[in-house]
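Since this is a predicted model, take the numbers as computed values, not measurements. Values reported hereafter were calculated over all heavy atoms of this structure, with side chains retained and with hydrogens, waters and symmetry mates removed. Sequence lines set the chain letters: A, B, ... in the order given, protein chains first and strands last, and positions in each chain run from 1.
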Number of protein chains: 2
Amino acid sequence: MNTKDLAYFSDLTQTKNFSKVAQDFGVTQPTITMAIKRLEAEFQTKLVLRDRTRNDLVVTASGEQLAVHARAILAELDLTHQEITHLTQDQTVLGLPPIIENHYFPRVAAHLQAQGMLANLQTLEGGSVWLRQALRDGQADLALLGSTAPLSYKSLVAEAFDRQPFRIFVAATHPLAKRQRIYFSELKHEKFVLFNSSFVHNSAFNQFTRRNHFRPEVVFRANDTHVIMNLVAQNVGVTFLTAIGAQHRDDVVQLELLDDAQPEFIASIVYRDSHVLTPAQQQVLAVLRTTLGE
Amino acid sequence: MNTKDLAYFSDLTQTKNFSKVAQDFGVTQPTITMAIKRLEAEFQTKLVLRDRTRNDLVVTASGEQLAVHARAILAELDLTHQEITHLTQDQTVLGLPPIIENHYFPRVAAHLQAQGMLANLQTLEGGSVWLRQALRDGQADLALLGSTAPLSYKSLVAEAFDRQPFRIFVAATHPLAKRQRIYFSELKHEKFVLFNSSFVHNSAFNQFTRRNHFRPEVVFRANDTHVIMNLVAQNVGVTFLTAIGAQHRDDVVQLELLDDAQPEFIASIVYRDSHVLTPAQQQVLAVLRTTLGE
DNA sequence: GCCTATTATAAATTATTTTTATATCAACTG
DNA sequence: CAGTTGATATAAAAATAATTTATAATAGGC
């Protein structure tokens, strides 16, 4: 069976239009007709019904089933291409969320450079949630990810190497700045400046708000710690970060949270379980483990 | 890309012999040569090295990587075929471990019959561990499985519907028969008759033995409760089952376990997450839920 | 009733895969 | 060391399969 047919079919279930699919793939319309016929013969079932009355195309139950698997197969093929490309180029793509990149990566980079392995390393930046997907679909080979619960994902292997508590940061001029420790509930009427939602900070933050039964006012979301800290310094709002996420600055004060059973920021090394790591990638992994492992 | 090539290649990585692969698929040898060439062109890499010196074939790193994905893709295709066949025949295959079949299934069957849905139901028997795999690779559509921890499997969805404590069963003539409750540690010197290892009872039993630091003497393993109970009645050994797993008989006595934090037998309805259930299968699922749900 | 949008069909063309026949290559054999 | 053997490669021919071209069919809209 040709995977092209699966691609045609997958597209068809979405566009519901043979001619459109043909256009999408740069082939003529009968090609699609034939492809669907081949699949219907292969699986001995009708996949789509042409409802000419309402000018609509209905995907049968079998069709839906095939579409689910067709997409899985095409994704797997894509992943295979990406992985083999990295393999042959001996390139390792390491996914790094900015906080981890700032705090943990310098140490790792020093070791890698000492072993002359930094040249074949490419970094890919993004929030932990986004990187998890990038790892799944082959854009990255390894990643250092943050999470609030020990990671255990379908098709990914995770090794936790550090845990950090979350903290509150307020401007030095803020009324709470004199306090060293507070309860999250005391922040009910504060304005917040936060990371955008592809960061794990969000899920931890949401756990706090859910437990304390209030909807905080979020005045701004950013992708960058510096931006956030500048806004905090200017009293635009307070923020919620790990201790390691923030540089030391005079105009911002760090407060410990006193709540029970707080979510923690767990840092893990993550990679796909189906991925055969190259010697170079294994070396990078070994450096990550020894450098971060303690 | 043709999936046939992936099948040829997957076989080649195992047999490491082009001619043998050709034989396996009933084609001529150059067909395999060409197929591998096509894949090497598609992925722009060498997949195998012909080491003529030691008359051996070496699979490259890229080749290993491709093999992993090739097998995943072929398995997915197989699954697709099986699922669509069940779909079109409106057949539902329900996996049932014997204990669950005896205890919970009669109730379910009555309801299904009342709705005229028993005819399209086929059952597949086996231990929970084996059935889990059968469910994954499409031999079954739904299953009622036993487990000792709430089920959460890659690619499967599980809904727990009952919990049962494990019990010890001894012959009425056994010295412990007068007791109603015992600690597992008191069984240190007993002989055991148990289910074979594809049943969850084993993992629960192992938890007990690990916690109590002794290796029990297992004198016999069987697949059938009746066989086990007959042996227990004749004092060949004692056994470890759920209360629901055993019929009432005069010659065997049930003992409660007093240990803290015991593993429980958790019964769950399980199905694949990628599986689009047919109306008939959804009906079966609905009956399972309502019948077992309380 | 004619026009339009959409899918189907059939024959011709093109592309791809497989076979047939033969070559190459290295190890083994007497 | 020539000849044999087991394994894979190559090239041309044959067989299959996919795609295009051209056209038909169908149903709804105007």
Scan residues 63-97 of chain B for pairs that pass ring pair (Phe, Tyr, Trp, His ring centres under 6.0 Å), counting only residues two or more places apart or in two chains.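 Ring pair (Phe, Tyr, Trp, His ring centres under 6.0 Å) check on residues 63-97 of chain B returns A:F43-B:H81.
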For [N] and [X] - does any side-chain N or O of the residue sit under 4.0 Å from the phosphate oxygens OP1/OP2?
| X | N | value |
| --- | --- | --- |
| A:S19 | C:dT7 | yes |
| A:N17 | C:dA5 | no |
| A:K37 | C:dT9 | yes |
| B:R50 | D:dA9 | yes |

Just to be sure I follow the notation: if a pair is Watson-Crick (purine N1 to pyrimidine N3 plus N6-O4 or O6-N4) or a G-U wobble (N1-O2 and O6-N3), each under 3.5 Å, what dot-bracket string does DNA chain C give, with | for pairs to another strand? ||||||||||||||||||||||||||||||
Is it the case that more than 12 heavy atoms not belonging to B:Q133 sit under 6.0 Å from its CD atom?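 Yes - once you tally the heavy atoms of other residues, nucleotides and ligands closer than 6.0 Å, there are more than 12.
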Atom CD of residue position B:Q44 - does it have more than 12 heavy atoms of other residues, nucleotides or ligands inside 6.0 Å?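 Count not over threshold, so no.
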Using the side-chain hydrogen bond (donor to acceptor under 3.5 Å, both in side chains) criterion, which residues pair with B:Y271? Sequence neighbours excluded.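 By the side-chain hydrogen bond (donor to acceptor under 3.5 Å, both in side chains) rule, B:Y271 matches B:E159, B:R289.
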Applying side-chain hydrogen bond (donor to acceptor under 3.5 Å, both in side chains), can you list everything that pairs with B:Q91, at least two apart in sequence or on another chain?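 Residues passing side-chain hydrogen bond (donor to acceptor under 3.5 Å, both in side chains) with B:Q91: none at all.
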Once you round it to whole Å, what is the distance between [atom2] of [N] and [atom1] of [X]?
| X | N | atom1 | atom2 | answer |
| --- | --- | --- | --- | --- |
| A:K20 | C:dT7 | NZ | C1' | 17 Å |
| A:Q23 | C:dA5 | CD | P | 13 Å |
| A:F18 | D:dA24 | CZ | P | 21 Å |
| A:I36 | D:dA18 | CD1 | C1' | 14 Å |
| A:L39 | D:dA18 | CG | P | 10 Å |

Qualifying residues under ring pair (Phe, Tyr, Trp, His ring centres under 6.0 Å), relative to B:F25, sequence neighbours excluded: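 With sequence neighbours excluded, B:F25 shows a ring pair (Phe, Tyr, Trp, His ring centres under 6.0 Å) to B:Y8, given in chain and number order.
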Apply the test side-chain contact (heavy atoms from CB on, under 4.5 Å) to residues A:T123 and A:F105: give CA-CA distance (whole Å), side-chain angles for both, the deciding distance (0.1 Å), then the verdict. CA-CA 10 Å; A:T123 63; A:F105 191 62; 4.1 Å; yes
For the side chain of A:D273 and the backbone of A:V157, is there at least one donor-acceptor N/O pair under 3.5 Å apart?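 No, A:D273 side chain to A:V157 backbone: no donor-acceptor pair under 3.5 Å.
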Taking only N/O atoms, report every protein-nucleotides 15-22 of chain C pair under 3.5 Å with atom names and distance.
from	atom 1	to	atom 2	distance (Å)
C:dT18	OP1	B:K4	NZ	3.2
C:dT18	OP1	B:Y8	OH	3.3
C:dT18	OP2	B:R38	NH2	3.1
C:dT19	OP2	B:T28	N	2.8
C:dT19	OP2	B:T28	OG1	2.9
C:dT19	OP2	B:T31	OG1	2.7

Going by atom types alone, do B:R71 and B:S10 pair a side-chain donor with an acceptor below 3.5 Å?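 Yes, side-chain donor-acceptor contact under 3.5 Å.
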